[in-house]
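Below you'll find the structure, written out as structure tokens, and then a few comments.
Sequence lines set the chain letters: A, B, ... in the order given, protein chains first and strands last, and positions in each chain run from 1. Here the structure is a predicted model, which means the values were calculated and not measured.
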Amino acid sequence: MIAATAAVAFVALSSAAVALFPRSILVFLLFQGSLLYAYVARIPGWLRATLLGAAVLVLMPVIGTYNGYYLEVATQVGIFVALALGLNIVVGLAGLLDLGYVAFFAVGAYSWAIFGSPHANVLFGGTGFPLPSWWFYPFLLIGLTVAAGTGVVLGLPVLRLRGDYLAIVTLGFGEVIRVLANNLDKPINVTNGPRGITPISRPPLPLEVSYAVGFYFLALLIVVVVILVNRRLEDSHIGRAWEAIREDQLAAQAMGVPLVRAKLLAFASGASFAGVMGVVFSAKQVFINPESFTFLESIGVLAMVILGGMGSIPGAIVGATVVTVLNLQVLKGLSLWLNELKNAGVTIFGYNLANLPTQLEPAKYERMIFGLILVLMMIFRPQGIFPARRRQRELGEQ
Amino acid sequence: MDFELLVRIFPQVLLDGLLLGFMYALIALGYTMVYGVLEFINFAHSEIFIVGAFVGVELLLGLKSRGVLDTAPWPLVLLGVMLAGMLASGALAVTIERVAYRPLRAAPRLIPLISAIGMSFFLQDVIRLTESLWRNAFNLVYPTLEPLNERFELTSTLDVSAKSLVVIVAALLMLWGLHALVNRTKIGTAIRAVAEDQAAASLMGIDVNRIISLTFLIGGAMGGAAGVLFGVQYGLINPYTGFIPGLKAFTAAVLGGIGNIPGAMLGGIVLGLLEAFAASYMSLLTGGAFGAEYKDIFAFSVLILILIFRPKGLLGEVVRERA
Amino acid sequence: MFEAVDVTKTFGGLTALQRVTFALDGGIASIIGPNGAGKTTLFNVFTGLYRPDIGAVTFRGRPLVGLRPDEITALGVCRTFQNIRLFANMTAAENILVGMHSRIRLGLRDVLTRGRRFVDAEGALWQRAGVLLERVGLRGKGNEIARNLAYGEQRRLELARALASEPALLLLDEPTAGMTQAEAGTLMALLRRLVGELGLAIILIEHNMRVVMEVSDRVTVLDHGEKIAEGPPREVQADARVIEAYLGRRAATGRAVP
Amino acid sequence: MLALDGLDVYYGEIHALRGVALEVRGGEIVTLLGNNGAGKSTTLKTISGLLAPRRGSVVFDGRALTGVPPHEIVARGIAHVPEGRRIFNRLSVRENMTMGAYLRTDGHVAADLDRAFELFPRLKERLTQVAGTLSGGEQQMLAIARALMARPRLLLLDEPSMGLAPVLVEQIFATIVSINGQGTTILLVEQNAAMALSIAHRGYVLETGSVVLSGTAGQLAENAQVRRAYLGE
Amino acid sequence: SGPAAQGKTIKIATQSPLSGGQAALGEGIKLGTQLAIEKFKVNLEKAGFKVELVPYDDQAKPDVGVSNAKNIIADKAIMVVIGHLNSGVAIPSSEVYKEDNLPMISPANTNEKVTDRGYPNVNRVCGRDDVQGPVGAEFAAGTLKVKTAYVLHDKTTYGQGVAEAFKNDLEKKGVKIVGFEGTEEKSNFDPIVTPIKAKNPELVYFGGIYDQAAPFFKQAKEKGVKAKFLGPDGLDSSDFVKIGGKAVVGTYYTTAAAPASSAQAKQFGEEYKKKFGKNPEPYAAESYVATAIAIKALEEVTKGGKAPTREALGSAIRKVKYNGMTGSIEFDDKGDPKKASYYVMQVTTDNPEKWSENKEAKRLAIAAPAMKK
Ligand SMILES: Nc1ncnc2c1ncn2[C@@H]1O[C@H](COP(=O)(O)OP(=O)(O)OP(=O)(O)O)[C@@H](O)[C@H]1O
Ligand SMILES: Nc1ncnc2c1ncn2[C@@H]1O[C@H](COP(=O)(O)OP(=O)(O)OP(=O)(O)O)[C@@H](O)[C@H]1O
Ligand SMILES: [Mg+2]
Ligand SMILES: [Mg+2]
């Protein structure tokens, strides 16, 4: 009862605080913290669902009207949550280390970018493109299919490989896709090379909502579907087969698990999530070029999965949220705050920050702190934030 | 397609590829040593490598500003600088293991991988911070050791610079030394024993932690030496320079069969040759439709092909899976 | 029902199996032989993990050579491993459910829609897992992580997992290794029940001679990859070559068999 | 020589040893019997320092071993042949043997090598073979020979007969007796109770982490409970 | 001083990569802006405003840039953004700025698409790829009179864009292109140099930035390539000779920044060095100019102590006539400089301290192309 009151109060107060102080990153963090609290607190299931539902369906868009930046952060969190959940299947459940995951994201993104922009005219001639903007919606499916197909095409030859050999091949594949995107403006101009493709059509939205809100809900909707699919897969013979492969591939096969088919399915479903989000990403950005699909991006998603807790759905969600929020919000907020102190000429320990040499500009060291946080998290919580838990089941024992 | 040209530059391209390959091989040794013992990819090795390069450049710049760089005999200078680089990188590698990997030894394999990635980010910016404060610049240029720039014309279409020869000789020496150490000495045997079974090794009286530290020391020192040679060869370094060669070297290590020292060498050379031939020939062969920009695609595609047919790398032992 | 003809397998220069012929129509057949004789290798050939250089293996008239291990399991041949290979971080019950994989007739669509069919089927699977656990004496351990089970329990869980695939032929590789004599006895009783109640055929690799003598209908002896003897337990036990290569003098002179 | 007292050992939450106390005197063969999971291996691992007890003491030659890392315990004269042999598969037989003598700096290593080969002539024939390709019995011999290279005064053996053909089991037990005859004290964990009791001087029976029975080998062999549970009668 | 404005803060934001591999260039943008703010803020301060710099690190990643952009438009005190380094970040981020009419002045984005979208808030002070490339071609064919050329670029928007423009124009002028390639390589150019040497062109053009161009030219020279070297304004940094040494003396580069021997440019270089202890990176000068323009426009819209609005500032920027070290700048209706002066410079010495003494080889004034429809 106390927990329930606390949770409701926490969420309500923190969201009110965001409305009052729309620019305070600390307050917004508090709001995010309240959601996490509502998730872990010992409160009735319906209350948890109501609180979280209200937060993401109502409060977040409202907050977005006070400060669009938060909605952007939330949308990007959504994109990365879907990516992390996809990679979680491949790495967390099936145990296949994929270091080139972002390639599938790229495939999805380019599929809409090419046809949703005038660029396709260069490719096919004529003036028929961009496709009418409602095509965006069918393309969610097309992007999914193309990415899944790419997953299968990559998977077929390489899934024989184990462990780090697979890792290096996927890394290579990721690079191949990126370099291809960067180079396929010649001899035929498919991707427009480094100059990228723009303008990419945005989908028509119902009820005249703004794009910011529209993309937020779109991302949210996809995340919900992805979570649902993820849970159903995980909690079935397919998910169990993946885990068995992760634990002992030879024994799994000897117990009747068709290795190639199961692995391909893992690759394809992981890839398809990335593909869908790629389509959304390209429309949201209006412009894409290969710089969004580097190796570091793949590493980032992997860090989310492991930080959250390998093989765990809540883990992947929280991992993606933490890394994204850390990168886009906390570290940025920190350096902006330090910058303000500096501009205001605040003195600490007798040292006037205004004299801080430019070498020590806080904004420059965000990645250093991110790296440090990764190391510390691994050392102090190696199992991840929300490690996978085994469900207890009723069995047919008399 | 200009066939005559293709033939004419062939020896030079071969040499270019070999040189690049030895460079990769040198860096790959660090990955392979660590992988051999702990079975994990030390992503921070590229920074360990580049720290060697930075220590080297600082020393050379120091010597230069004191005006002794051109008077001291160059082999001595080079050797001294390399030793310093090796020491620094080795010490750094040992420290990283102590701080960021040892607490995670019992954790699943991907955990130290992420820790290593974090370390890699962290170190890049620490190097940058240090150099920014110290020199107010972090793109540093290696002072030239003039005698090393000399070029020898072997034929009218083939020439080689002294520094390239130094890289090749140093790489061969180090590879041979390391191979001998690991396979012919008691310490080397202990390293292999720890690699296989840490608990059993400790029951032999082997101090597992010390052996692992030693492995990082050796791997790091090799990285440091490679860093200095890299700087001498290519001239320009910054804190982020290590990343791509590091990735390539790691690829080379895998290609050769990770954990295998001659494999690292072979993998490096194969990758170097692939890249060199792709970069030099791609444009010639396709009449300009594809160019040097495709060299990585070509290299990675061949890598994938090789691994499909030899899933444990070129020299990787097929560790048999017994049921 | 099961037949292997002229199975030969070499590793590099080493001939691990040399023209081994083996047939079984039911009951329990044991394979014994010195360490390294090729017993486990024979199992690996039977279950598709190794492809023989020469020779044919058939089960109910179907050739097995060239099939993948999972296909062989689906046909009704399943095994346990000499060094226990459970899915260490999954629960005991989940281990068993993986064993049922080849018998599950649900598609991706059922999984994603989670309809009636799926829910019913899934419920039945868990139900059956409980029954199997009980059968091997692991009642109440279904939700334990496999890694945390005691060694003997793990051996029995492996057996349950193999049974979950509803095999007609079960291959057991040293199932009593590391068990006390009493525990081995319990396991033997279980095996005999399985043969009796389910009509299962079993091939058993064992070094525990007491077990071999007690449960086998027939014993095959391998040495250096070749079959050196075959027949009823008593006969084989008295074979001079078997004593020489495998049993040792003490066993032959009739003193306490270990 | 070795005394354990009130040992409590945990694997995370699992309480594996509960107040185990036992003693091994110089020159003895002492055997430890018990069902699967009784805690026999855990006991040996605690002695050799692979596991740290939460409570209780291990005293060897009058000095406490608690908190001493495994490699130093080897230096004090205890060698442990672990469950499942754990030889170094990728090292040659000779290299495995040199690892056994890792800590030794005296000049008698070569002589000890010859002595080990007298005991196990089979190993001498396979000197350069990669250990992973040895047969099971040969691997077991190697594991024991390797431990002897440390010149231990106390040898801990964990199920040396597991997975071995009967003829090899006989050989191994004969070897244990002969090692003991040359002055090495032995603590033997065995599933094959009959064999173990036939060569041991004394024995202890463990059940779910506690010592429930102890006595001379003869007494134990006569004990009804032991006969039922471990001798299979 | 206008009491109405008393205590009001005007923030000028920069967005550029401050961490990661492109940090050095991104930092140049930030520092150029910082210098300009300190130098030109007096009038605004007199009017009662406090002027602050807010540097953002876009990590050269589009998603980070966009999220920063959202944060920037939410901070109502930010009046203008100076940035970005990468067109790939600038284009999606400026979509966000446009939502709130926040003016952006780019010091470095040469991609045609940046301004060709015709947004009223987006401007740039740098040249366009399709202008600078032809300037180089004009010089190569007209002045150097080369017959054969080899073109290499760095596979970035900038490098490839300018290289392609250069190549196309050069071909039209009848020069034979013996090779056209891209590379992401940063250290080892051996395999690229080998065929160049064999083909023996009269000119080698590198479309890209000094940190790649210098090692490339250096290795080419050392390997015996005898061609003349030419490149775009990415080479305009004293680090070019610091890295390349003697080997790159004689290299030509095109730039919109006036020769540092011009009084303004010289002063900028000295002040920059005094303040930050190093020579300006490429784009530092452009950022300085962009900031100066922004401040000039700010002075205009705050006349009489009025609080500035983004919209007003946007149109004020379009009206600014600025004469600085990159020549006189006036924006056309797309936000491109109406007429850009270009200089072709030649490196005269390997002493980085004397970078400013590089020789002017040619001067050209070219108008930006009108918006394509
Ligand atoms: N994958 C492999 N590669 C090379 N040699 C192998 C392989 N598998 C088995 N062998 C060799 O084949 C021979 C037979 O091995 P196998 O495991 O079948 O023996 P086994 O009869 O089961 O012995 P044990 O009773 O000790 O388990 C041995 O010499 C073994 O080393
Ligand atoms: N690594 C481990 N993690 C968790 N629990 C363990 C671990 N090793 C052993 N145990 C548990 O500790 C208890 C004692 O195990 P131990 O290995 O000492 O038994 P044992 O007497 O040697 O049995 P066996 O005859 O099967 O070898 C058992 O319940 C076992 O499940
Ligand atoms: Mg076997
Ligand atoms: Mg045990």
Side-chain angles (χ1 to χ4, degrees), chain B residues 2 4-6 8-10 12-13 15-17 19-20 23 121 124-125 128 132 135-144 149 151 153 157 159 161 164 230-231 233-241 243-245 272 275-284 288 290-296, chain E residues 18-25 27 150-155 160 177-200 210-212 214-216 218-219 221-224 237-247 273 276-279 281 352:
Chain B
D2 190 342
E4 183 270 335
L5 183 73
L6 218 123
R8 184 148 49 93
I9 63 176
F10 184 85
Q12 184 71 51
V13 177
L15 189 69
D16 293 345
L19 177 63
L20 181 61
M23 193 61 94
F121 288 174
Q124 284 177 359
D125 282 341
R128 173 180 169 194
S132 301
R135 283 206 180 269
N136 198 16
F138 54 83
N139 272 309
L140 297 187
V141 180
Y142 259 72
T144 38
N149 269 346
R151 295 193 80 86
E153 286 231 347
T157 54
D159 59 19
S161 69
S164 313
F230 185 90
Q233 175 71 23
Y234 299 124
L236 177 66
I237 56 167
N238 73 41
Y240 312 100
T241 309
F243 195 72
I244 297 291
E275 275 193 27
F277 276 100
S280 294
Y281 279 173
M282 196 74 89
S283 172
L284 294 175
F290 300 95
E293 58 268 28
Y294 279 88
K295 76 166 189 208
D296 285 350
Chain E
L18 296 175
S19 59
Q22 305 182 33
L25 294 167
E27 202 179 341
Y150 186 99
V151 182
L152 187 71
H153 59 81
D154 63 2
K155 279 314 300 180
Q160 179 168 351
I177 305 292
V178 296
F180 180 77
E181 289 184 281
T183 182
E184 293 180 38
E185 181 60 54
K186 298 229 180 319
S187 307
N188 169 36
F189 294 95
D190 283 344
I192 294 172
V193 171
T194 297
I196 297 180
K197 183 182 168 193
K199 286 172 172 172
N200 198 17
Y210 69 93
D211 63 347
Q212 227 173 332
F216 167 61
K218 183 173 182 219
Q219 290 176 28
K221 186 73 138 216
E222 282 172 0
K223 272 197 134 180
S237 162
S238 59
D239 276 0
F240 181 68
V241 287
K242 210 165 133 197
I243 301 166
K246 286 196 195 69
K273 175 124 200 199
F276 306 121
K278 53 183 167 189
N279 287 315
E281 302 277 348

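If you measure heavy-atom distances from B:Tyr240 to chain E, the contacts under 4.5 Å come from the side chain alone. Within the 4.5 angstrom heavy-atom criterion, atoms from both the backbone and the side chain of E:Pro195 approach chain B. Heavy atoms closer than 4.5 Å to chain E are found in the side chain of B:Thr144, but not in its backbone. Interface residue B:Ile9: backbone and side-chain heavy atoms are both found under 4.5 Å from chain E. B:Arg128 touches chain E through its side chain: at least one heavy atom from C-beta onward sits under 4.5 Å away, while N, CA, C and O do not. Residue B:Phe290 does not touch chain E at all, counting heavy-atom pairs closer than 4.5 Å. Residue B:Phe138 touches chain E through its side chain alone, counting heavy-atom pairs closer than 4.5 Å. Of the atoms belonging to B:Leu19, it is side-chain heavy atoms, and not backbone ones, that fall under 4.5 Å from chain E.
Most heavy-atom pairs under 4.5 Å with chain B, from the set E:Lys242, E:Lys223, E:Lys199, E:Glu184: that is E:Lys223. The residue among B:Asp296, B:Val141, B:Asn136 with the most heavy atom pairs within less than 4.5 Å of chain E is B:Asn136. If you tally non-hydrogen atom pairs under 4.5 Å between each of E:Glu185, E:Lys218, E:Lys186 and chain B, the highest count goes to E:Glu185.
Note on E:Glu181 versus E:Lys155: no salt bridge recorded, every NZ/NE/NH1/NH2 to OD/OE distance being 4.0 Å or above. The pair E:Lys246-E:Glu222 fails the salt-bridge criterion, with no side-chain N (NZ, NE, NH1 or NH2) lying under 4.0 Å from an Asp/Glu carboxylate O.
Every residue was checked against the ring-ring contact (aromatic ring centres under 6.0 Å, His included) condition with E:Tyr210, not counting sequence neighbours, and none meets it. Remark: E:Phe189 pairs with E:Phe216 by the ring-ring contact (aromatic ring centres under 6.0 Å, His included) rule, at least two apart or across chains.
Looking at B:Thr241, its side chain does come within 3.5 Å of a backbone N or O of B:Asn238 through a donor-acceptor pair. At distances below 3.5 Å, not a single donor-acceptor pair connects side-chain atoms of E:Glu281 with backbone N or O atoms of E:Ser237.
E:His153 is listed as a side-chain neighbour of E:Phe180, based on a closest heavy-atom distance under 4.5 Å. For the pair B:Gln124/E:Ser19, no side-chain contact is recorded, criterion being any heavy-atom separation below 4.5 Å from C-beta on.
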